[in-house]
Amino acid sequence: NGKSLDNSYTTGDDGFVIKYDNAGELIYCKSIGGTKNDQISQIKADSNGGYAVVGSFKSSIINLEDNYMQNPNTKKNNGFFIKYAENGECEYLKSIQGESEDDIVAVDESENGDYLIGCNFDSSTINLGNSMSVSNIGNYDVLVMELNPNEMPNPIATNLQGVYGERITSINSVEKTSDGGYIIGAQLSAGNINFGNDVYINSTSHSIRGAIIKYNSEGKCEWAKDMQESIHSYIQKVIETQDGGYIAIGGYDYNRVVR
């Protein structure tokens, strides 16, 4: 119907969001991009008819028509969270910024309307506002937090939970569960990780391997499983099944995975 998206800076990627009606007719399209690589990782429809978009951006500024994001360090990625209304209007946004690579890769909505987001961060410290910050002890660490949309236009980060190790640790998915908690699919290469609440993974392996980690409604870790005897494996996504269990998808490149 004559609508189009333009990338004015062909040296970098731009993200886009396109909304169609039930007949496949285009309603609107939104671009998320600037002068460098800017990418969308996930989109989630919410209970208000809108949707949340997460990803990362390296451009110095991202113009979102009635709002914008700035990156003070264009050599590194910053993570972003953008909340759109049903009509495609940007309602509010939040970014995570540090001196190194920081990405937001997963999002889900809580029963109370908060947004649960999963982040990978390499910066030594990230200030999240509301007197809250996280510090990194390895190459990459994982952060899961909730954003309260009632604090627009600057939603407050609460209930921070970290997964820390001396080597690369990264998250691929986060999903709310029916008991009020959440479950994440991740990759680990740290040998020993303390998840708190007397939950540990102890391993002599430093190969990258998939992991599933379950938290309760209070944000405390209930259990954690990693894919043993794997040179390289990953968990891409974990969801809850109707019988109260969990099912995961991922991949591996060794002759067996044991757990």
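FYI, the numbering just counts along the sequence from 1. In this text, all values refer to a predicted model and were calculated from it rather than measured experimentally. Below, all heavy atoms of this structure are taken into account, side chains as well, without hydrogens, waters or symmetry copies.
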Just how far is it from atom [atom1] of [X] to atom [atom2] of [Y], taken to the nearest 0.5 Å?
X      : Y      : atom1 : atom2 : answer
Thr241 : Tyr246 : OG1   : OH    : 8.5 Å
Met145 : Leu116 : CE    : CG    : 10.0 Å
Ile171 : Asn120 : CD1   : CG    : 7.0 Å

Compare all side-chain heavy atoms of [X] with those of [Y] and state whether any distance is below 4.5 angstrom.
X      : Y      : answer
Leu188 : Ile201 : yes
Val134 : Phe121 : yes
Asn172 : Gln187 : yes
Glu222 : Asn197 : no
Val17  : Ile43  : yes
Leu93  : Met69  : yes
Asn77  : Asp102 : no
Lys237 : Glu175 : yes

Pair Gln70-Ser60, side-chain donor/acceptor within less than 3.5 Å: no

Glu99 versus Ser124, side-chain donor and acceptor atoms under 3.5 Å: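 There is such a pair (donor and acceptor under 3.5 Å, judged by atom type) between the side chains of Ser124 and Glu99.
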
Aromatic ring proximity Tyr115/Phe81, centre distance under 6.0 Å: yes

Under 4.0 Å between a side-chain nitrogen and a carboxylate oxygen: does that hold for Lys83 and Asp46? yes

Residue that, paired with Tyr182, satisfies side chain to side chain contact (heavy atoms under 4.5 Å, CB included) out of Ile213, Val144, Asn216: Val144

Can you tell which of Tyr92, Tyr28, Tyr51 makes a ring pair (Phe, Tyr, Trp, His ring centres under 6.0 Å) with Tyr84?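 Going through the options one by one, the only one that passes is Tyr51.
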
Which heavy atom in [X] sits nearest to a heavy atom in [Y], and how many Å separate them?
X      : Y      : value
Val54  : Ala106 : CG2-N, 3.9 Å
Lys76  : Asn71  : O-ND2, 3.2 Å
Lys19  : Leu26  : O-CD1, 3.5 Å
Asp103 : Ser56  : OD1-CB, 3.3 Å
Ser31  : Asp14  : OG-OD2, 4.2 Å
Asp38  : Ser59  : OD2-OG, 2.7 Å

For Ser173 and Gln236: C-alpha separation, side-chain torsions, deciding distance, then whether side chain to side chain donor-acceptor pair (under 3.5 Å) applies. CA-CA 7 Å; Ser173 71; Gln236 185 63 36; over 6 Å; no

Between Asp108 and Lys176, does the salt bridge (Lys or Arg N to Asp or Glu O under 4.0 Å) criterion hold? Intermediate values first, please. CA-CA 7 Å; Asp108 200 4; Lys176 291 297 292 185; over 6 Å; no

For Asp179 and Gly181, indicate whether the former's side chain and the latter's backbone hold a donor-acceptor pair under 3.5 Å.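 Yes.
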
